[in-house]
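What follows is a set of notes on a single structure, which appears directly below.
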Amino acid sequence: MTAPLYYADYLRLDTLLDTQHLESARHGTPVHDEMLFIVVHQAYELWFKQVIWELDSILELFSKPTLDERDTRTVINRLRRIAEIQTILIDQVAVLETMTPLDFLDFRDYLFPASGFQSAQFRIVENKLGLRRSDRLKLAGAVYTERFSDEDRSAVETVEQEPSLFELVEGWLERTPFLDQGDFDFWSSYREAVHRRIAADREVVRANPLLTETEREAQLEDFESVIRQYEAIFDSERHRLEVDSGRLRMSHRAFQAALFITLYRDEPALQEPFHLLELLMDIDEGFTTWRYRHAQMALRMIGRRIGTGGSAGAKYLERSAERSRIFGDLYNLSTFLVPRADRPELPESIVESMRFRYQG
Ligand code: HEM
């Protein structure tokens, strides 16, 4: 018979609670707040571990040739878990902010050149989600992997080579059925709906007695630019140019599918895919929010000083937050939506195939 499990043994508390070693104490001047600084960072790393755990399982399910409908629910639950963890990651910043900048200065000098910039797990999360090397800022001229130990560099670079969530979601969207079944070509039907809408809006401007001629002309000119924007989305060649220029990332086909799912999200078969797309945006937004929150905290703690890792400090962090969006194409979708009443009517055969029905 095995011995009854004991709480502290199960959680390896001996080890876990013996890993908070103050640098300030090692230098002979223990600083009270350094304990908080260490515990908060360690708590982040534990949560990053959990996020990687969830992401790995999600990536595995997405890597199958088709995402089984039963697995879609699991993916949604795990994405939601990540989004919930992010709320803790964001809130935790406030706990660290109870340490004042003056308290931080009492031990900050001991930390150089270590920095959160070297968090391998954070980089692994970014890479698994789909942040590309080309999206990243250099730090004092160095690429992000240069500041790692050999072991961490190798772990982070290995993940860079693996399919990311962005790529797997893109492939999943590209495989979406319904877009061109039989005679129905969603894209040209939608294009007509958009044009009808723009023409109606244009009429409202033309007929508005309150506008001066100059205002009217300016507003009509705005319509032309909206039309040009739409055309780029309808035309796969123009879309490719947008991707090449870096303004868009997702393939034309995947973008079409995401738009279709968003427009017809009330159809039973599209409800879960829509939920999944929303969660991807929640997670993207969660990381962006964390980055800005962390940048604000850094500004408050160190002002315009350089970071311990050698970056331009808060300025670097703000720029990094601007560039780190992964699912930016999904946010773009809202530009191209039309009201429900203007959506092309789907052929009955497609509506039928999107229904859930008990086959008893
Ligand atoms: C007093 C608190 C903190 C300050 C003043 C601070 C400051 C900074 C600065 C200035 C950078 C830019 C790189 C550098 O030059 O070092 C940075 C990067 C980073 N820090 Fe912090 N940080 C703090 C707490 C934290 C915490 C609690 C975490 C949680 C893990 C964290 C995670 C990161 C990450 C992941 C980066 C890389 C961000 C990127 O490259 O976009 N930091 N931090």
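Start at 1 and go down the list; that is how both ligands and their atoms are numbered.
- For atom 13 (C) of ligand 1, the nearest non-hydrogen atom of the protein is S311 OG, 3.4 Å.
- Near S115, meaning under 4.0 Å from one of its heavy atoms, ligand 1 places the atoms 13 (C), 14 (C), 16 (O).
- Each of the atoms 10 (C) of ligand 1 lies under 4.0 Å from some heavy atom of G313.
- Counting the atoms of ligand 1 from 1 in the order shown, those under 4.0 Å from a heavy atom of A298 are 5 (C), 7 (C).
- Residue, atom and distance of the protein heavy atom nearest to atom 41 (O) of ligand 1 are S320 OG, 2.5 Å.
- Annotation: atom 9 (C) of ligand 1 to nearest protein heavy atom, L317 CD1, 3.6 Å.
- Between R123 and E126, at least one side-chain N (NZ, or NE/NH1/NH2) sits under 4.0 Å from a carboxylate O, which counts as a salt bridge.
- The aromatic rings of F122 and W290 sit tilted relative to each other, their planes meeting at an angle between 30° and 60°.
- Contact check on R153 versus E146 returns no salt bridge, with no Lys/Arg side-chain nitrogen under 4.0 Å from an Asp/Glu carboxylate oxygen.
- E272 places no side-chain N or O within 3.5 Å of a backbone atom of P268 that could act as its donor or acceptor partner.
- Ring pair Y331/F327: centre-to-centre distance not below 6.0 Å.
- Heavy atoms of E45 stay at 4.0 angstrom or farther from ligand 1.
- Of the possible polar contacts, none joining the E267 side chain to the V351 backbone as a donor-acceptor pair under 3.5 Å is found.
- At a heavy-atom cutoff of 4.0 Å, ligand 1 is contacted by no atom of L137, backbone or side chain.
- Protein heavy atom nearest atom 3 (C) of ligand 1, with residue, atom name and distance: M297 CE, 3.7 Å.
- Shown in contact with G307 at under 4.0 Å from a heavy atom are these atoms of ligand 1, numbered in order with element: 10 (C), 14 (C), 15 (O), 16 (O).
- Counting protein heavy atoms only, atom 25 (C) of ligand 1 is closest to H41 NE2, 3.3 Å.
- Relative to atom 6 (C) of ligand 1, the option among M301, R305, H294 with the closest non-hydrogen atom is H294.
- Between F37 and ligand 1 there is a heavy-atom distance shorter than 4.0 Å.
- Ligand-side atoms of ligand 1 in range of G309: 14 (C), 15 (O), 16 (O), range being under 4.0 angstrom from any heavy atom.
- Heavy atoms from other residues, nucleotides or ligands lying under 6.0 Å from CD of E151 number 12 at most.
- Between F148 and Y144, the ring planes lie perpendicular to each other; the angle is over 60°, past the 30° to 60° tilted range.
- Of all protein heavy atoms, the one closest to atom 37 (C) of ligand 1 is R123 NH2, 3.5 Å.
- Atom 34 (C) of ligand 1 has its closest protein heavy atom at G116 O, 3.3 Å.
- When F122, Y144, Y316 are ranked by how near their heavy atoms come to atom 40 (O) of ligand 1, first place goes to Y316.
- When every heavy atom of F48 is checked against every heavy atom of V125, the shortest pair comes out as O-CG2, 4.3 Å.
- You'll find the ring centres of F336 and Y190 outside the 6.0 Å limit.
- The option with the heavy atom closest to atom 5 (C) of ligand 1, from among W290, F104, Y44, W47, is F104.
- For the pair D68 and K64, the salt-bridge criterion is not met [side-chain N within less than 4.0 Å of a carboxylate O].
- Residue R291 places a heavy atom under 4.0 Å from ligand 1.
- How far CG of D33 is from CG of D103: 4.5 Å, rounded to the nearest 0.5 Å.
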